[in-house]
Amino acid sequence: MAIQILMPALSPTMEEGTLAKWLVKEGDTVASGDIIAEIETDKATMEFEAVDDGIIGKLLIAEGTEAVQVNAPIAVLLEEGESSDTMDIDVPAVFTRPVSSQVSKIELAPSAPASATIPAIISVPSGPDWPDETPVKQQSVREALRDAMIEEMTSDPTVYLMGEEVGEYQGAYKVSQGLLEKFGNKRVIDTPITEHGFAGIAVGAAFGGLRPIVEFMTFNFAMQAMDQIINSAAKTLYMSGGQMGAPMVFRGPNGAAARVGAQHSQDFAAWFAQIPGLKVAMPYSASDAKGLLKTAIRDPNPVIFLENEILYGRNFDVPIMDNFTVPFGRARIWREGSDVTIVSFGIGMQHALEAGEKLLADGIVAEVIDLRTLRPIDYDTVIASVKKTNRCVTVEEGFPVGSIGNHLSSVIMERAFDYLDAPVINCTGKDVPMPYAANLEKLALVTSDQVVAAVKSVTYR
Amino acid sequence: MAVRKSTSKPNISPDELLKYYKDMLMIRRFEEKAGQLYGMGLIGGFCHLYIGQEAVVVGLEAAAEEGDKRITSYRDHGHMLAAGMNPDGVMAELTGRVGGYSKGKGGSMHMFSKEKHFYGGHGIVAAQVPLGAGLAFADLYKENGRVTFTYFGDGAANQGQVYETFNMAALWELPVIFVIENNQYAMGTSQRRSTSSPDIYTRGAAFGIPGEAVDGMDVLSVKEAGDRAVNHCRSGKGPYILEVKTYRYRGHSMSDPAKYRTREEVQKMREERDAIEHVRSLLLTGKHASEDDLKAIDKEVKAIVNASADFAKESPEPDLDELWTDIYA
Ligand SMILES: Cc1ncc(C[n+]2csc(CCOP(=O)(O)OP(=O)(O)O)c2C)c(N)n1
Ligand SMILES: [Mg+2]
């Protein structure tokens with residue numbers, strides 16, 4: 001019987017891809033394991049192998065077609081003796097999405113977070129971070145991070161990048177794409193899989209006058225290096241009476257990805273934010289990713305720079321200007337409002353902003369604040385807002401116990417107790433290891449609906 | 001610390017040889033099916049296929065006895081099937097359903113079976129190495145004569161905890177077999193680019209642990225080396241290292257740009273060194289089986305794998321209350 005070959009999902013976050021190239025033609029005999037096509041996702045071009053033996057009867061999607069959705073039939077595989085003439089299989093239109101060059105590419109959230117659709121382009125009011133007249137371009141978080149590294153490596157020869165698969169592979173999540181070609185293997189260094197080892201070597205190099213950027217493939221693997229980060233990098237300046245410290249950046253994706261289970265899906269923001277001697281940045285937008293990373297690289301202290309896999313492909317406005325940086329310890333107000341203050345950071349901002357949007361339907365105007373850095377924290381902006389709105393909801397993806405929200409609640413209580421009209425509510429991930437099953441994973445993550453419910457509760461609606 | 005070259009031992013019975021064939025084929029067909037279900041979106045996240053490496057676990061399981069333990073990394077489907085775990089339960093874990101070995105909560109990388117003495121399924125590279133030594137520690141403590149097969153990759157072999165473990169395993173003479181599945185790549189990094197000396201099996205020398213390199217594309221060599229390692233451990237002489245030279249045909253996980261090696265390299269391995277083809281030709285040339293016999297086995301294996309896929313699709317998602325269970329004992 002003829003088998004339809006379907007557009008494959010080739011990564012945890014892929015929903016559609018480009019059928020870049022057919023490596024077979026109609027009439028070719030293929031065996032299971034033969035490479036039949038090259039498929040491009042946002043991250044890479046991948047080879048697609050036949051899983052059955054047979055003869056290629058019909059290629060249903062022409063090479064070069066963009067935005068082919070996962071599970072769309074792309075070819076028909078025949079058994080010996082079958083003919084494709086007897087069949088007529090059309091590709092349902094629903095399987096390809098028209099691509100217009102006008103619209104910048106939307107990366108939908110993977111199925112995991114149960115969020116509603118995200119607006120294609122998040123309009124960013126000219127914030128405090130760049131002058132009003134500055135031209136902007138749409139750029140993904142991934143590109144913004146790469147540009148920050150390129151700019152800082154260009155201006156400071158002591159900055160170098162090391163980590164697993166950062167060079168020849170171009171980065172496990174393609175953040176360091178092109179850096180090896182540009183800077184060579186003296187400054188873009190592929191390491192063996194030995195996080196504790198190379199983190200220690202980088203701390204030593206920082207003591208010795210370099211400014212290392214250490215990429216962890218994901219922050220889950222930074223657990224292997226925790227001792228060097230906390231006991232060596234964070235504390236040496238203090239222990240040496242200010243003689244030597246570790247000017248360096250530990251960066252990489254942090255937080256839940258999609259369907260990768262308990263050991264690969266967790267947010268360590270609150271952990272690192274606890275440690276004196278470290279600085280901690282956790283950007284949401286591309287401009288913040290760029291501006292904060294440049295600041296981090298220039299900072300004379302060890303900086304934990306928490307990125308997010310799901311945000312990598314998302315586009316935002318980034319200013320076109322020289323020497324654009326974002327200072328640490330200054331929050332950004334994304335939406336002004338008077339009814340409630342929603343405070344978040346990193347991917348939590350997605351839920352916070354979505355909730356802000358949804359709440360308008362109920363006539364609730366929320367002020368949405370992105371902390372951007374968790375050490376230092378811009379308490380003043382939060383307190384000023386709470387004094388105005390008298391209510392606060394915090395949003396983060398991490399575990400509830402000892403969360404950033406817990407800490408903010410206590411600061412708000414100390415500094416604005418008399419202004420509060422309701423208890424502060426912390427929206428967090430659930431107090432469980434991340435499950436693999438799709439339905440449970442959805443349940444474990446913080447959602448904008450949870451934020452909406454919390455806001456309604458503090459506004460007594 | 002001798003390297004022994006593979007010698008296909010004729011002292012293996014035709015029945016055994018047929019069993020190896022069937023077991024290896026089962027893993028391959030199972031993995032092909034898993035790849036297919038991943039492509040259809042029925043399996044999510046990371047999914048690391050074992051295709052090409054089948055002879056390693058099948059040969060070593062043939063050297064194991066009831067009660068021996070095994071532990072490995074995220075590339076674990078083959079180990080579970082070879083340990084006798086039910087394909088239905090493995091496939092249903094891949095689809096995140098309640099019929100899976102971890103009730104859908106673990107996924108491809110995190111499955112366990114106490115009954116089959118399979119201790120996971122670990123996602124942090126090399127973390128299973130001290131864990132495996134710990135299992136052996138418990139067996140030695142209980143004086144039950146069991147050994148533990150602790151599998152890890154050529155990439156994992158560069159983690160520091162491996163050497164901390166080697167030292168203690170040798171010091172305390174733990175009955176643990178360190179099986180380094182050297183498939184020549186750690187993601188996109190070839191062994192040459194990550195490892196200062198190519199012979200990982202010699203790395204136990206500093207601790208006094210004997211090691212040998214084994215041809216991992218020849219199940220008979222693997223079985224023979226496995227027997228030596230098991231005898232060493234079971235007789236109370238402490239740990240043993242097997243560096244099994246093997247090859248993975250597919251990408252590191254489902255998302256792999258495959259730019260770090262040539263198609264020709266993969267093709268050459270498949271054509272010239274395939275472990276299943278090797279046994280197949282031994283069976284046919286030795287007249288232990290006819291083409292028809294093997295076809296019947298193929299058919300039987302395919303039916304089991306298809307049934308596991310059906311089970312994995314039909315098994316329901318876990319109950320939402322399961323989010324809160326199994327966190328504390
Ligand atoms: C501590 C840690 N660092 C990095 C990773 C990401 N990672 C997963 S598998 C892998 C390669 C491991 O290669 P190898 O040990 O040779 O095993 P193979 O995948 O070839 O079976 C890497 C770098 C991880 N899971 N854990
Ligand atoms: Mg390997």
Side-chain angles (χ1 to χ4, degrees), chain A residues 5-15 32-33 35 41 43-49 51-52 70-71 110-112 164-165 168-170 172 190-197 217 220-221 223-224 257-265 430-433 435-441 443-444, chain B residues 32-33 35-36 38-41 43-46 51 74 93 95-98 100 102-110 122-127 153 155-161 186-189 193-195 249-251 253-260 263 270 317-318 320 322-324 327:
Chain A
I5 300 176
L6 306 179
M7 180 73 169
L10 292 170
S11 84
T13 47
M14 172 174 171
E15 295 196 337
S32 130
I35 296 152
T41 69
K43 276 192 259 182
T45 301
M46 280 180 278
E47 294 177 337
F48 175 44
E49 299 170 356
V51 278
D52 285 290
V70 164
N71 272 339
S111 55
E164 293 159 21
E165 311 286 3
E168 290 196 12
Y169 198 83
Q170 308 292 320
D190 281 322
T191 66
I193 308 168
T194 157
E195 286 81 3
H196 199 204
M217 191 177 285
N220 304 288
F221 315 141
M223 297 299 100
Q224 296 271 349
R259 305 290 308 281
V260 292
Q263 291 184 328
H264 285 75
S265 253
K430 302 290 187 301
D431 200 10
V432 302
Y436 168 74
N439 62 335
L440 298 186
E441 187 185 56
L443 211 59
Chain B
E32 286 167 354
K33 182 58 83 180
Q36 213 170 351
Y38 192 97
M40 292 160 70
I43 297 172
F46 294 132
I51 296 174
Y74 43 82
E93 190 60 39
T95 53
R97 306 301 174 88
V98 74
S102 302
K103 297 187 254 180
K105 291 156 79 164
S108 160
M109 300 187 286
H110 309 304
H122 298 269
I124 302 302
V125 167
N158 293 317
Q159 285 280 33
Q161 56 188 322
M187 277 185 73
T189 302
R193 296 206 305 117
S194 68
T195 306
Y249 296 172
R250 295 293 185 94
S253 65
M254 299 308 293
S255 33
D256 179 340
K259 291 284 184 295
Y260 50 85
R263 270 179 207 157
R270 293 182 96 120
E317 290 194 301
L320 293 184
E322 284 291 347
L323 183 65
W324 302 100
I327 297 167

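Every chain is numbered from 1, with letters handed out A, B, ... down the list of sequences. All figures in this text were calculated on a predicted structure; none of them were measured in a lab.
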task = Would you please classify the geometry between the A:H264 ring and the B:H110 ring as parallel, tilted or perpendicular, with 30° and 60° separating the classes?
result = tilted

query = Of all of B:A157, B:G44, B:S253, B:A126, which one pairs up most often with chain A through heavy atoms under 4.5 Å apart?
reply = B:G44

request  = Could you check which of B:G104, B:A186, B:S194 has the highest count of heavy-atom pairs closer than 4.5 Å to chain A?
outcome  = B:G104

ask   = Under 4.5 Å between any side-chain heavy atoms of A:Y436 and B:S108, yes or no?
value = no

ask   = A:L6, A:N220, A:D190: which one forms the most heavy-atom pairs within less than 4.5 Å of chain B?
value = A:D190

task = With a 4.5 Å cut-off on heavy-atom pairs, point out which of B:T195, B:I51, B:N158 contacts chain A the most.
result = B:N158

remark   = Heavy-atom nearest pair, A:T194 first then B:Q159, reads CA-OE1, 3.1 Å

request  = Please tell me if the side chains of A:Q224 and B:Q161 come closer than 4.5 Å, counting only heavy atoms from C-beta onward.
outcome  = yes

request  = Answer with side chain, backbone, both or neither: which region of A:E49 has an atom nearer than 4.5 Å to a non-hydrogen atom of chain B?
outcome  = side chain

message = Between A:M7 and chain B, with a heavy-atom cut-off of 4.5 Å, which part of the residue counts as in contact: side chain, backbone, both or neither?
response = backbone

message = Using heavy-atom distances under 4.5 Å, tell me whether B:I327 contacts chain A through its side chain, its backbone, both, or neither.
response = side chain

query = Relative to chain A, which segment of B:R97 carries a heavy atom at a distance below 4.5 Å: side chain, backbone, both, or neither?
reply = neither

task = Heavy-atom pairs under 4.5 Å with chain A are the metric here; pick the option from B:G106, B:G251, B:G160 that has the most.
result = B:G106

ask   = Given a strict heavy-atom distance threshold of 4.5 Å, which part of B:I43 is in contact with chain A: side chain, backbone, both, or neither?
value = both

remark   = Here the pair of heavy atoms bringing B:A258 nearest to A:E47 is CB-OE1, 3.5 Å

task = Determine the minimum heavy-atom distance between A:I193 and B:A156, stating which atoms define it.
result = CD1-N, 4.4 Å

message = For B:I124 and A:M223: C-alpha separation, side-chain torsions, deciding distance, then whether side chain to side chain contact (heavy atoms under 4.5 Å, CB included) applies.
response = CA-CA 9 Å; B:I124 302 302; A:M223 297 299 100; over 6 Å; no

inquiry  = Using only atom types and a distance under 3.5 Å, with no angle test, would you say the side chain of A:Q263 pairs donor to acceptor with the backbone of B:H122?
reply    = no

task = Return the minimal non-hydrogen interatomic distance between A:Y169 and B:P257, and the atom names on each side.
result = OH-CD, 3.3 Å

inquiry  = For A:K430 versus B:L323, what's the shortest heavy-atom pair and its separation?
reply    = CG-CD2, 4.2 Å

Contact origin within B:Y38 toward chain A - heavy atom pairs under 4.5 Å = both

ask   = chain A: which of B:K259, B:E322, B:M109 shares the most heavy-atom pairs with it under 4.5 Å?
value = B:M109

query = Do A:V432 and B:W324 touch side chain to side chain, with heavy atoms closer than 4.5 Å?
reply = yes

Heavy-atom closest contact (B:M187 atom, A:A172 atom, distance) = CE-CB, 4.3 Å

inquiry  = Please classify the contact of B:T95 with chain A as side chain, backbone, both or neither, using a heavy-atom distance under 4.5 Å.
reply    = backbone

note = Max heavy-atom pairs within cutoff under 4.5 Å with chain A, candidates B:Q36, B:R193, B:M40, goes to B:R193

